[in-house]
Amino acid sequence: AAKKAARSERVAAERVLSHRKGIEEAEARASEMDDARADAQRFLERTGAHVLAAAGCMGATLLRLELIDAAAGGDLRSIPVNKLEGAYKKALAKNHPDRSAARGDDVAAAARCEETFKLLQAAHLRWSEMGKPIGDAADARARAAYPLGAQTSSASFSSSTRAGGGAAASWRVYSARAVTGSRWRT
């Protein structure tokens, strides 16, 4: 009887230890993912994608994230709504968190996909609320939202960078950004 009691105590202690270890590993993974998400958000802020998404500039947001090719589409102002919708859907599929997991992406890549996915959804929602502007109206809105180097009519928009304080300027323009759960508010 003493042997049986000692064995059951040992098994119970092993289970508790195993459970605690699992919790610690899960917390470490969650912490690593949170850090990677913060890095991904800073990346998106530095690129100016947050500002453009908040302004409802779908084409400029896709171009800034290099998810559409300006050379293939020509002038961004001449891309029709259905082409932007198609590019948006392809970008969503490319950056879907489940597909990222299926590809076996590392934590940083998975976080960037997740944050880009959320940003694209918010940009599309804002763009839809505004009546899906295209052409000169969308170009003017992109230039107003992102005045420093927002050349939406050529491929240079995706490769242009702002020198000195770009992230701070983006943050000031997009200071209303808030993350609630897994949705971006614009």
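Side-chain atoms are counted along with the backbone in the values below, which use heavy atoms only and exclude waters and symmetry mates. Along the sequence shown, the residues carry numbers beginning at 1. Everything quoted here is computed from the prediction, not taken from an experiment.
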Can you find a heavy atom in the side chain of Leu17 that is under 4.5 Å from one in the side chain of Lys21?
no

Student check: side-chain heavy atoms of Leu119 and Asn95 closer than 4.5 Å
no

So, does Ser18 use its side chain to make a donor-acceptor pair with the main chain of Glu14 at under 3.5 Å?
no

Is the shortest heavy-atom distance from the side chain of His19 to the side chain of Arg15 under 4.5 Å?
no

Any donor-acceptor pair under 3.5 Å linking the side chain of Ser8 with the backbone of Ala5?
yes

Test item: Lys118 and Glu114 side chains (from C-beta on) under 4.5 Å apart, heavy atoms:
yes

Measure up the Tyr88 and His124 rings against each other and bin them: parallel (under 30°), tilted (30 to 60°), perpendicular (over 60°).
parallel

State whether the number of non-hydrogen atoms from other residues, nucleotides or ligands found under 6.0 Å of Arg103 atom CZ is greater than 12.
yes

pair Gln121-Leu125: side-chain heavy atoms closer than 4.5 Å
no

Could you check whether any side-chain N or O of Arg64 sits under 3.5 Å from a backbone N or O of Gly48, counting only pairs where one atom can act as donor and the other as acceptor?
no

So do the side chains of Lys132 and Glu85 get within less than 4.5 Å of each other, counting heavy atoms only?
yes

Note, Leu65 side chain near Leu44 side chain (heavy atom, < 4.5 Å)
yes

Quick one, Trp127 and Thr61 - any side-chain contact, counting heavy atoms below 4.5 Å?
no

Within the distance-only criterion (no hydrogens, no angle test), does the side chain of Arg126 pair as donor or acceptor with the backbone N or O of Ala54 below 3.5 angstrom?
yes

